[in-house]
S.K.: 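Okay, handing you the structure first.
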There are 2 protein chains.
Amino acid sequence: MARNKELNQKIKDERREQILSSALMLFATKGLSATRITDISAAAGISQGLMYHYCKSKEEIFSELIKYALDRMNAACIELEKLPLPPHQKIKMAIEKLLQGFDANKNTSYYYLLILQATVSEAIPREAKEIISQGSSLPYEVIERILIEGQKEGTIKDYDARDLSVVFWTSIKGLALNKAAFGGSYKMPDPRILAGIFLNE
Amino acid sequence: MARNKELNQKIKDERREQILSSALMLFATKGLSATRITDISAAAGISQGLMYHYCKSKEEIFSELIKYALDRMNAACIELEKLPLPPHQKIKMAIEKLLQGFDANKNTSYYYLLILQATVSEAIPREAKEIISQGSSLPYEVIERILIEGQKEGTIKDYDARDLSVVFWTSIKGLALNKAAFGGSYKMPDPRILAGIFLNE
DNA sequence: GTCTATATCCAGATAGAC
DNA sequence: GTCTATCTGGATATAGAC
């Protein structure tokens, strides 16, 4: 009895994983609206009707993916800030890790595409919009704080820290979207190019 | 008689302008698929049925907007390359002009959103895909050539020129998308921040 | 040229059998 | 838990009146 329940739960969890993973790819490459529920079910290898045992709608899946992406990004930023390193090293490391992540795993760049859609699009469930509007400012704040610290030490260039933080993230996002667009054929540039935007030599 | 024909043509042209302009905003903020033909007709102030006198489908409008954006961008790049200026000045000027353009006119950043959609999405008419795949490499090539020239003169940093060109455009695109996402509230950063990526001091 | 009304089609969601 | 069949709604596209 208990055995069966456990097994069923396991199957259910695995299917849900499968669904989320398929949906990520489809949402990223077609957008929420153009992705049909049957696209997701086909990619996950189940019938269309069965989808409704695992989720209420594709909007729900979309929101869940957004939440997951934001949570991970924010957690990583908090970790970064806590590291026992001088600020300019934190910036260097962040850039290296982010670019490596894009090269290693295309899903990473797909998440950026999802976040962009959710930020920019009016055709997105209210829930996803709320998750975004509440959870997307932390990375900017963290980088800004680190840059200000570095400016005090004289290791970071003396432009407006808010501007620098915006350039940091828009450049990263630009590269992520390029990766999502051109995929395997495209390799990330030398991270020192980006680091040079911020660091005094 | 001839008068009427001229007048009719003029009305027709104006309407078409209206439709294209409304469609740009809607495609950028909702995506092609989520934009209904009635959204466009309502924004242009005409009935849904009348749309079919001015275009075959929303896909056709989308392709036309993509073509227009690419043509203008490519023409601007060719102009830039021809200017009688040293390479590092061309880079500086390109960055300044691009950022000014984003601040001056939100439509500019909307075009970037359209290009991104057309590049990344599978749910895009074949025609738009073809336009993109044929017409989107020139800006990268032009910037790469200018950078190589500057490297010979010692005014441009000595990283791989292809990498630098990719960073140039991905950073610009990142800023454009940020503008599209956050709109009026967001002001472009100091162009010297970006220029510093490329220029030897 | 412009509108309203209608037909067609397709995706989302539900119901019922296994 | 899983499928197939069906209902429903909404968007596209067309037809016909003014």
Side-chain angles (χ1 to χ4, degrees), chain A residues 1-20 22-23 25-27 29-65 117 121-128, chain B residues 1-20 22-23 26-27 29-65 121-128:
Chain A
M1 219 65 113
R3 273 265 87 87
N4 273 340
K5 268 197 176 151
E6 260 175 48
L7 189 63
N8 284 344
Q9 190 57 41
K10 188 154 171 272
I11 289 172
K12 202 166 174 178
D13 288 351
E14 273 170 16
R15 278 249 191 280
R16 215 181 147 77
E17 270 308 303
Q18 184 83 46
I19 289 170
L20 286 169
S22 306
M25 194 256 291
L26 287 160
F27 288 152
T29 57
K30 307 182 70 168
L32 173 61
S33 160
T35 302
R36 290 155 301 185
I37 214 103
T38 55
D39 294 332
I40 304 174
S41 66
I46 60 178
S47 75
Q48 186 251 32
L50 188 54
M51 281 292 289
Y52 293 90
H53 279 255
Y54 291 103
C55 62
K56 222 175 90 292
S57 64
K58 63 181 180 177
E59 281 76 15
E60 186 198 43
I61 300 174
F62 189 86
S63 296
E64 190 165 335
L65 288 168
Q117 283 176 43
S121 174
E122 312 289 336
I124 287 294
R126 199 170 42 76
E127 201 196 339
Chain B
M1 217 68 110
R3 273 263 89 87
N4 273 340
K5 266 199 177 150
E6 260 176 48
L7 189 63
N8 284 344
Q9 190 58 40
K10 187 152 172 275
I11 288 172
K12 203 167 175 177
D13 287 351
E14 274 169 16
R15 279 252 190 276
R16 216 181 145 78
E17 271 306 306
Q18 184 83 47
I19 289 170
L20 286 169
S22 306
L26 286 161
F27 288 153
T29 58
K30 307 182 69 167
L32 173 61
S33 161
T35 302
R36 289 154 301 184
I37 215 101
T38 54
D39 294 332
I40 304 174
S41 67
I46 60 177
S47 76
Q48 185 252 34
L50 188 54
M51 280 293 290
Y52 293 90
H53 279 254
Y54 291 103
C55 62
K56 224 176 86 291
S57 62
K58 63 181 181 179
E59 281 76 16
E60 187 198 43
I61 300 175
F62 188 87
S63 296
E64 189 165 334
L65 287 168
S121 176
E122 311 290 335
I124 288 294
R126 201 171 41 77
E127 201 196 339

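Below, chain A is the first sequence line, B the second, and so on; all start at residue 1.
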S.K.: Taking atom P of D:dA17 as reference, at what distance in whole Å does atom NE2 of B:H53 sit?
M.R.: 15 Å
S.K.: Check the distance between D:dT6's C1' and A:Y52's OH and give it to me in whole angstrom.
M.R.: 14 Å
S.K.: Between B:K12 and A:T35, which is nearer to the 5' end of DNA chain C once each is assigned its nearest nucleotide?
M.R.: B:K12
S.K.: Determine which bases of DNA chain D form Watson-Crick or G-U wobble pairs with both distances under 3.5 Å, and write the result as a 5' to 3' dot-bracket string with | for other-strand partners.
M.R.: ||||||.|||||||||||
S.K.: Nearest whole angstrom, please: distance from the P of D:dA11 to the CG of B:L32.
M.R.: 15 Å
S.K.: Side chain of A:Q48, heavy atoms from C-beta onward: which of D:dT4, D:dG1, C:dG12 has the nearest atom to it?
M.R.: C:dG12
S.K.: Decide yes or no for A:T35 and A:F62: does some side-chain heavy atom of the first lie under 4.5 Å from some side-chain heavy atom of the second?
M.R.: no
S.K.: Return the CZ to CD distance between A:R16 and A:Q9, rounded to the nearest 0.5 Å.
M.R.: 10.5 Å
S.K.: When the nearest nucleotide of DNA chain C is assigned to B:S47 and to A:E59 on a heavy-atom basis, which residue is associated with the more 5' position?
M.R.: B:S47
S.K.: Report the distance from atom CE of B:M51 to atom P of C:dT2, rounded to the nearest whole Å.
M.R.: 13 Å
S.K.: So do the side chains of B:Y52 and B:I37 get within less than 4.5 Å of each other, counting heavy atoms only?
M.R.: yes
S.K.: From OH of A:Y54 over to P of C:dA13, roughly how many Å is that when rounded to an integer?
M.R.: 18 Å
S.K.: In whole angstrom, what separates B:L50's CG from D:dA17's C1'?
M.R.: 15 Å
S.K.: Would you mind checking if A:K10 and A:E6 are paired as a salt bridge, meaning a charged N to carboxylate O distance below 4.0 Å?
M.R.: no
S.K.: Rounded to the nearest Å, what distance is computed from the NZ atom of residue A:K58 to the C1' atom of nucleotide C:dC10?
M.R.: 12 Å
S.K.: Measuring from atom CD of A:Q48 to atom CG of A:D39, what distance do you get when rounded to the nearest 0.5 angstrom?
M.R.: 10.5 Å
S.K.: Rounded to the nearest 0.5 Å, how far apart are CD of B:E60 and CD of B:E127?
M.R.: 7.5 Å
S.K.: Is there a side-chain contact between A:E64 and A:I19 (heavy atoms, below 4.5 Å)?
M.R.: no
S.K.: Rounded to whole Å, please give me the gap between CD1 in B:I46 and P in C:dG1.
M.R.: 11 Å
S.K.: Does A:R15 place a side-chain N or O at less than 4.0 Å from the phosphate oxygens OP1/OP2 of D:dT2?
M.R.: yes
S.K.: Quick one: which of C:dG1, C:dG12, D:dG1 gets closest to the side chain of A:I37?
M.R.: C:dG12
